[in-house]
Colleague: 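Just dropping this structure here.
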Amino acid sequence: MNREGSNIPMKDRLKQSVEAALKKCYAEGSLSSGDIPEIEFEIPARAEHGDFATNLALGMARAEKKAPRQIAEALVKALGEGDGLWRKLEIAGPGFINFTLVKSCWFKVLDQIVQEGAAFGRSSVGGGKKVQVEFVSANPTGPLHIGHGRGAVTGDVVATLYEAVGFDVQREYYINDAGNQMNTLGRSLFLRYRQCLGHSVDFPSDCYQGEYVRDISAEVLEKEGQRFLELPEDEAIAWFARYGGDAILSGIRQDLEQFGVSHDHWFSEQGLYDRGEVQGGIDFLKQRGQLYDSEGALWFKTTRYGDDKDRVLVRSNGATTYFASDIAYHKDKFDRGFDLVVDVWGADHHGYVPRMKAAFQGLGRSAEDLQVILVQLVNLLRGGEQVAMSTRSGEFVTLREVVEEVGRDACRFFFLMRRTDSQLDFDLELAKQQSSDNPVYYVQYAHARVCSINRNARDAGVELPVAGGVDFDALELDEELALAKLLSRYPETLEGAALQCEPHRLVFYLQDLASRFHTYYNRERVLVDDPRTSAARLYLVNCVRQVLADALGLLGVSAPEKM
RNA sequence: GCGCCAGUAGCUCAGAUGGAUAGAGCAACGGACUUCUAAUCCGUAGGUCGAGGGUUCGAUUCCUUCCUGGCGCGCCA
């Protein structure tokens, strides 16, 4: 892709200049060690420290046996004018070399944004590698709650970000539809069904307590009548388990859809058993010499790969463990050709990570091919007060309720505002508030404001300039330069957020960009009498608009034209 | 007991590969709407980056010990 004008090649260009200067110093004898160390640039926190800084001189002090500032002086002398790339070079602090670039360098990004359009910020670092992101994967034994919501948005956006930087991504939902939890669901439903028919039955505490169980049972009664009373209990329970699982799963699909989350593929755990893959996985590990028998059970030697203790795959009663099917599942992922597998889990499963990483290695893959994103829990608040929740008693606030109350945009944005590995306070009142306290609207409002300017421009007969048709000299304000610089950082922000699986970086970027825009908007009018200035400003704010819309779009949040 | 994550302003949190005087929002206080949308902006105040030690030119960041909070440590799923 064309990255002319973004600051990544800018760094590269600076690097070349510095390297040349370094060689020149060695040739002249002003420096003597002869090393060509890695040259790093950083973006200083303070504007007065310029646009880029390098600590090269500090790092060379030891080898050169000279004061860092002395080394910096030699380098600056050798750097010379830099053929129009920078307009100021300064030695500062203990020996930093600060570069202040020529203003026009920064405004080039505007043309780039307009020319590339929606492609601006995207990259191909992924090289088309196949990534699978598996997320939500909630058991089909109850509706999604608020915690699932955070995992859902996280997985969804991580997948989107990977796509944006050139990976080939598949989104998958793993359905835990095997094992005794489905049996428990069937039993719960059947008992409620009998209760509906007036039978007095004990409802055990290990059954699913939620109200939704009664709803499904009542629905069955209405549709199917009393016929299950005549079936053997096993058969009835099996029927209820299947029916209930399907019903709940379809509810989950609806909830996700309403939340703007979709999966490309739904993968059934039961299917692994049906196809013999669980046994296949065990056999595969056995061939590779990873297993041993002990105390009547079959063990996987995960300690070989750093796990705390070895793990059982087949219990002494002959039943396979959850771990065994999970290994089969991940082997299946490999067999489908994914280069990278990303699992999004609740943070309470963190103890499971070393085991799964070990499994990867046991299967012959690198531990790095599995990336686990641990999503911390959500504290649901209402006006600062904790909302009580308990899965056991079935009293929990569902994702559906929250999305209906606060809206999709606010809900998604709030879930993404924190690092995934830190706990999140989610205040329903705040998320609902249509005010400046609410960061979602703050960002969306910036977008709507530009759209409003555009409407006014159109009414006044002012055309939005085309790429290359703008005189950037008309942009004289510090705020304008600051906006251009921030826009130029969008590609690297996006790339970092994607590769580190940290969607919150994009959220912070958005807030930053919106903030700078609002400041500019309040300071200066865009549409002024001078057509040259009007055009340039209109061009600039539309670049802001496009990046806002693009980033919001990646987060699955709308960018309204009017608010 | 062992392990993982966290501890940064009154509150909620950012701080990319170790950098210069640690940032933002909310809350508090004081200002700006005959103006392209005030769902906005500007200003003031607010800190022992949990504590101690170490590594180095330089540590919120890396190492180590301790303190506090959350979570996890099954032939459960």
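So that the names make sense, note that chain A is the first sequence line, chain B the second, and so on, each numbered from 1. Because the structure is predicted, anything quoted here is derived from the model rather than measured.
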Colleague: OP1 or OP2 of A24(B) less than 4.0 angstrom from a side-chain nitrogen or oxygen of Arg516(A), does that happen here?
Modeller: no

Colleague: Could you check which nucleotide pairs with C71(B) in any of the strands shown, counting Watson-Crick or G-U wobble with both distances under 3.5 Å?
Modeller: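 Paired with G3(B).
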
Colleague: For Phe508(A), report the nucleic acid contact type (base, sugar-phosphate, nothing); a contact means any heavy atom under 4.0 Å.
Modeller: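 Result for Phe508(A) = sugar-phosphate.
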
Colleague: Write down the distance between OH (Tyr292(A)) and P (C75(B)), rounded to a whole number of angstrom.
Modeller: 10 Å

Colleague: Go through A38(B), C4(B), A77(B) for me and flag the one nearest to the Tyr352(A) side chain.
Modeller: A77(B)

Colleague: Regarding G19(B), can its base be found pairing with the side chain of Asn55(A) as donor and acceptor, where the two atoms are less than 3.5 Å apart?
Modeller: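 Pair found.
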
Colleague: Kindly indicate whether the side chain of Ser316(A) and the base of C75(B) share any N or O donor-acceptor pair separated by less than 3.5 Å?
Modeller: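 By the distance-only test, yes, there is a pair.
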
Colleague: For A32(B) and Arg523(A) - does any side-chain N or O of the residue sit under 4.0 Å from the phosphate oxygens OP1/OP2?
Modeller: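 For A32(B), OP1/OP2 do not have a side-chain N/O of Arg523(A) under 4.0 Å.
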
Colleague: Please determine if Arg489(A) forms a cation-pi arrangement with Tyr509(A), meaning its NZ or CZ atom is less than 6.0 Å from the six-membered ring centre and no more than 45° off the ring axis.
Modeller: no

Colleague: Taking the six-membered ring for Trp and the single ring otherwise, decide whether the centroids of Tyr292(A) and Phe300(A) are under 6.0 Å apart.
Modeller: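 No: the rings miss the under 6.0 Å criterion.
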
Colleague: Determine the interatomic distance between C1' on C33(B) and the same-named atom on A16(B); round to the nearest Å.
Modeller: 40 Å

Colleague: With the side chain of His49(A) defined as its heavy atoms from C-beta on, choose the nearest nucleotide among A20(B), G3(B), C57(B).
Modeller: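 Closest nucleotide among those given: A20(B).
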
Colleague: Is there a donor and acceptor pair closer than 3.5 Å between the side chain of His349(A) and the base of G72(B)?
Modeller: no

Colleague: Does a nitrogen or oxygen in the side chain of Arg537(A) sit under 4.0 Å from OP1 or OP2 of C36(B)?
Modeller: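 No, because none of the side-chain N or O atoms of Arg537(A) sits under 4.0 Å from OP1 or OP2 of C36(B).
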
Colleague: Answer yes or no: does atom CD of Glu463(A) have more than 12 heavy-atom neighbours from other residues, nucleotides or ligands under 6.0 Å?
Modeller: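 12 or below, so no.
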
Colleague: Using the C1' atoms only, state how far A20(B) lies from U60(B), rounded to an integer number of Å.
Modeller: 15 Å

